[in-house]
Amino acid sequence: MNYWLFKSEPQTFGIDDLAKSPKRTTAWEGVRNYQARNMMRDGMRAGDQGFFYHSSCDVPGIQGIVEVVREAYPDASAFDRKSPYHDPASDPANPRWMLVDVKLVRKFARPITLEALKRHAGGKLKDMVVLRRGNRLSITPVTPAEWKFILSIAGE
DNA sequence: GCCAACGTTGGC
DNA sequence: GCCAACGTTGGC
């Protein structure tokens with residue numbers, strides 16, 4: 001099993017939106033970056049776990065846990081002219097963008113803030129991709145050790 | 001709103 | 001294939 005971190009802006013789609021979604025499940029649409037797409041397409045398998053992270057908001061941080069419940073398939077929003085994620089260059093016969101379905105496993109009572117994560121940036125989380133300077137990927141891998149450690153500091 | 005970082009685009 | 005210009009991300 002692999003671990004991941006899914007970034008989302010709560011203004012657009014936050015963890016509470018996921019909680020309200022049918023079956024607490026959503027298609028993770030709108031990823032328009034090749035590295036992130038490749039991780040979804042080539043790296044994610046059903047049953048993988050991920051952190052749901054809020055970015056570009058008052059208190060950025062990890063809000064809860066999701067699970068990959070459907071492996072990569074074409075992102076139809078790329079073909080939807082009315083979607084903000086429309087990409088006229090994506091050919092339906094050969095889709096450029098893929099997505100996975102994720103399901104909410106649990107929302108933390110207390111988020112693990114970016115500030116809290118950074119307190120360990122010199123230690124247990126020193127190689128964590130999402131903490132790397134200049135990182136802008138909306139999907140990043142999390143190592144099993146990082147996963148375990150982050151869960152251990154939840155609720156601090 | 002600012003700015004650093006980085007990806008993409010397009011002219012050559 | 002290079003690289004400058006531009007757009008986007010995301011923390012602050």
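Lettering follows sequence order; numbering is per chain, from 1. Source: prediction; values computed, not measured.
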Donor-acceptor side-chain pairing of A:W28 and A:D101 below 3.5 angstrom: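 Per modelled atom types, A:W28 and A:D101 side chains form no pair under 3.5 Å.
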
Side chains of A:R136 and A:S55, donor plus acceptor under 3.5 Å: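 Per modelled atom types, A:R136 and A:S55 side chains form no pair under 3.5 Å.
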
Among B:dT8, C:dG10, C:dG11, the nucleotide that comes nearest once only the side chain of A:E9 is considered: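 Among B:dT8, C:dG10, C:dG11, the one nearest the side chain of A:E9 is C:dG10.
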
From B:dT8, B:dG7, C:dG10, nucleotide with atom closest to A:Q35 side chain: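 The closest nucleotide is B:dG7.
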
Sugar-phosphate only, base, or nothing, as touched by A:S55 at under 4.0 Å among non-hydrogen atoms: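 Result for A:S55 = sugar-phosphate.
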
Take the protein atom [atom1] of [X] and the nucleotide atom [atom2] of [N], then report the distance between them rounded to whole Å.
{"X": "A:K7", "N": "C:dG10", "atom1": "NZ", "atom2": "P", "answer": "4 Å"}
{"X": "A:L131", "N": "C:dG11", "atom1": "CG", "atom2": "P", "answer": "10 Å"}
{"X": "A:Y34", "N": "B:dT9", "atom1": "OH", "atom2": "C1'", "answer": "12 Å"}
{"X": "A:N135", "N": "C:dG10", "atom1": "CG", "atom2": "P", "answer": "8 Å"}
{"X": "A:D87", "N": "B:dT9", "atom1": "CG", "atom2": "C1'", "answer": "13 Å"}
{"X": "A:L137", "N": "B:dC6", "atom1": "CG", "atom2": "P", "answer": "11 Å"}
{"X": "A:R136", "N": "C:dC6", "atom1": "CZ", "atom2": "P", "answer": "17 Å"}
{"X": "A:L114", "N": "C:dG10", "atom1": "CG", "atom2": "C1'", "answer": "10 Å"}

Cation-pi, A:F108 ring and A:R106 (6.0 angstrom, 45 degrees):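 No; the conditions do not both hold, so A:R106 does not lie above the ring face of A:F108.
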
A:H86 side chain near A:D80 side chain, heavy-atom distance below 4.5 Å: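 No - every pair of side-chain heavy atoms lies 4.5 Å or more apart.
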
